[in-house]
Visitor: 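Pasting a structure below so you can have a look.
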Amino acid sequence: MSDMIKCVAIDDEPLSLDIIDQFCQRIGNIELKKFSNTITGLDAIRKTHPDIVFPDIEMGGINGIDLAAQLPEDTCFIFTTAYMKYALDGFDLDAVDYLHKPFAYSRFQIAFSKALRRIGRQPIKTTSQCIVVKQDYNSITIPIDDILYIEALEGYSKIFRTSGD
């Protein structure tokens, strides 16, 4: 197994930390440390030198822009915030990306892949999720990414696929 990717998330909303944690678990091979206190989180970052940091911007005490300015110089970070007005500030500080809450897993994956490229790590290989369906007397596996739409008919369903199969 390759080296774990070390990440730190700092957010004063426990739900936001849980979402980042769930998304990191879905990607796999990530060790995530979560902090709701900015000072404690910043201390941990300075001690452990994580690969990627996810700071919120609007938090009690120090805000994420000020926090990012205090990160060690080579720290790779992705802002997570509900406020779009800080996007330019974030990019001025060389943020890899800016996730506007609430963000989807697919958007998180894009930002995470950008961060991996920035730190010189291999992108995460994602395995497509599949469903198994009955077709006549056989079971067939269909990648979810390949489903264009499903039409419900009387006694069965018809699956239209992007591949045309």
Visitor: From I45 CD1 over to T38 OG1, what is the distance, rounded to the nearest 0.5 angstrom?
Guide: 10.0 Å
Visitor: I'd like to know if the side chain of D56 reaches the main chain of I10, judged simply by a donor and an acceptor atom lying under 3.5 Å from each other, with no hydrogens or angles considered.
Guide: no
Visitor: Which atom names give the shortest non-hydrogen contact between I78 and Y98, and what distance separates them?
Guide: CG2-N, 4.4 Å
Visitor: As an exercise, state the distance from CD1 of I62 to CD1 of I39, rounded to the nearest 0.5 Å.
Guide: 5.0 Å
Visitor: Are K101 and S16 close enough that a side-chain donor and a side-chain acceptor fall under 3.5 Å?
Guide: yes
Visitor: Looking at side-chain heavy atoms only, is the closest gap between Q70 and R46 below 4.5 Å?
Guide: yes
Visitor: Rounded to the nearest 0.5 Å, what's the gap from CG on D51 to CD on E31? Could you check?
Guide: 9.5 Å
Visitor: Can you name the closest pair of heavy atoms from P55 and V53 and give their distance?
Guide: CD-O, 3.3 Å
Visitor: State, to 0.1 Å, how close K158 and L153 come at their nearest heavy-atom pair, and which atoms those are.
Guide: CB-CD1, 4.1 Å
Visitor: Atom CD1 in I110, atom CG in L99: separation rounded to 0.5 Å?
Guide: 9.5 Å
Visitor: Out of curiosity, does Y156 fall in the hydrophobic cluster containing F160 (side-chain heavy atoms, cut-off under 4.5 Å, transitive links)?
Guide: no
Visitor: So which atom in F35 and which in L17 form the shortest heavy-atom distance, rounded to 0.1 Å?
Guide: O-CD1, 3.8 Å
Visitor: Could you report the tightest heavy-atom contact between A115 and V96, atom names first, then the distance?
Guide: N-CG1, 3.5 Å
Visitor: Do F77 and L67 have side chains that approach each other closer than 4.5 Å (heavy atoms only, starting at C-beta)?
Guide: no
Visitor: Quick check: do I20 and F103 have side-chain heavy atoms less than 4.5 Å from each other?
Guide: yes
Visitor: Rounded to the nearest 0.5 Å, how far apart are CG of L71 and NE2 of H49?
Guide: 11.5 Å
Visitor: Atom CG in L42, atom OG1 in T75: separation rounded to 0.5 Å?
Guide: 9.0 Å
Visitor: Between N29 and M4, is there a side-chain heavy-atom distance shorter than 4.5 Å?
Guide: yes
Visitor: Between K34 (side chain) and D21 (backbone), is there a donor-acceptor pair under 3.5 Å?
Guide: no
Visitor: Do F112 and I5 make a side-chain contact, defined as non-hydrogen atoms from C-beta onward lying under 4.5 Å apart?
Guide: yes
Visitor: Do the side chains of D97 and R118 get close enough for a salt bridge, i.e. N-O under 4.0 angstrom?
Guide: no
Visitor: Determine the minimum heavy-atom distance between F79 and A68, stating which atoms define it.
Guide: CZ-CB, 3.6 Å
Visitor: With side chains defined as the heavy atoms from C-beta onward, is the minimum distance between F54 and F23 less than 4.5 Å?
Guide: no
